[in-house]
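All remarks here apply to the structure that follows.
Read the numbers this way: they start at 1 and go in the same order the structure lists the ligands and their atoms. Remember, predicted model here, so these are calculated numbers, not experimental data. No hydrogens, no waters, no symmetry mates; every other heavy atom, side chains included, goes into these values.
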Amino acid sequence: MNGKIALEEHFAIPETVMDSAGFVPDNYWIELKARLLDIQDTRLKLMDEHGIDQMILSLNAPAVQAIPNHAKAIEIAKKANDYLAEECAKNPERFKAFAALPMQDPEAAAQELERCVKELGFVGALVNGFSQSETTEEPLYYDLPQYRSFWAKVEELDVPFYLHPRNPLPQDSCIYQGHPWLMGPTWAFAQETAVHALRLMGSGLFDEHPKLKIILGHMGEGLPYMMWRIDNRNAWVEVEPNYPAKKKICEYFNENFYITTSGNFRTQTLIDAMLEIGSDKILFSTDWPFENIDHASNWFDQASISEADRQKIGHLNARKLFNL
Ligand code: MN
């Protein structure tokens with residue numbers, strides 16, 4: 001299929017590139033590093049070869065979220081965003097941008113998002129899970145009360161917020177002790193991100209800011225598969241849900257969330273997601289350079305779904321969501 005738009009597509013700057021070392025064996029690092037630092041060369045050739053019209057680019061992970069010093073986090077976010085703006089300007093028909101945000105400082109994050117959207121023409125933000133801060137040992141999740149003014153700004157700017165995975169901190173990883181293979185994309189990324197998304201849904205955030213649009217990668221980080229059970233466990237026990245939000249979790253998931261196919265190229269999983277969240281809320285993505293563009297495209301182009309759904313998921317939903 002030609003004309004696809006892909007939106008979980010990463011790059012790195014020299015200051016953040018080493019954050020991605022360790023996700024592949026050492027003998028693959030040279031290749032992964034080169035892929036991360038390239039924007040206009042191999043990436044563009046692969047896009048042409050596999051029918052990808054546009055990519056929305058984002059910084060690698062965890063990058064800004066793992067810089068506890070607020071001043072440094074703000075500096076790296078601005079540097080990455082300025083660099084990305086320059087790269088997109090070289091080929092504005094093919095590349096759009098998600099802002100990296102210093103979420104350690106909610107006020108600075110709101111200001112940086114506004115600068116990126118209004119001055120640099122970015123189409124949203126991509127944030128790598130919770131943030132670390134010099135002010136606390138605890139990971140900062142964005143349902144916390146200090147983030148409500150940040151979310152008001154996101155709603156006002158009317159741009160999507162992509163909640164991208166990162167691994168839990170060592171202090172919060174005891175369930176994985178002795179089983180390092182479960183970290184990262186195998187399991188820990190999805191677990192971490194799904195819980196963060198559920199915290200947002202249960203917190204009442206979307207009652208206060210009903211127009212927020214949150215994107216999850218990897219076919220929804222497992223949430224479509226679990227959505228019925230989340231709302232219906234022990235249905236014979238007639239008690240109100242024990243969270244601040246007003247509605248059922250599935251209502252927020254269906255109303256405020258979008259998911260992408262990044263790194264999860266499986267028709268059975270896509271069909272489950274289509275049955276839960278609907279084909280209007282699913283968007284094609286690859287997760288380049290951690291996954292291959294040909295693996296994503298060859299699967300998606302031939303997946304057993306209707307051509308109308310392929311057009312929606314492949315590009316129409318993205319055009320609408322980002323006004324492309
Ligand atoms: Mn990714």
So do Tyr225 and Asp272 actually touch side chain to side chain, heavy atoms under 4.5 Å?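 Answer yes - side chains close enough.
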Polar side chain donor-acceptor pair, Gln104 to Ser133, under 3.5 angstrom: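 No, no side-chain donor-acceptor contact under 3.5 Å.
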Please tell me whether His218 and Asn264 have a donor and an acceptor in their side chains that are separated by less than 3.5 angstrom.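 Their side chains do not contain a donor-acceptor pair, so the 3.5 Å distance test is not met.
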For [X], salt bridge (charged side-chain N to carboxylate O under 4.0 Å, His left out) partners two or more places apart:
X	answer
Arg310	Glu307
Lys78	Glu112
Glu208	Arg148

Below 2.8 Å of the Mn ion (ligand 1), tally up the protein N/O/S atoms for me.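 Protein N, O or S neighbours of the Mn ion (ligand 1) under 2.8 Å, waters not counted, come to 4.
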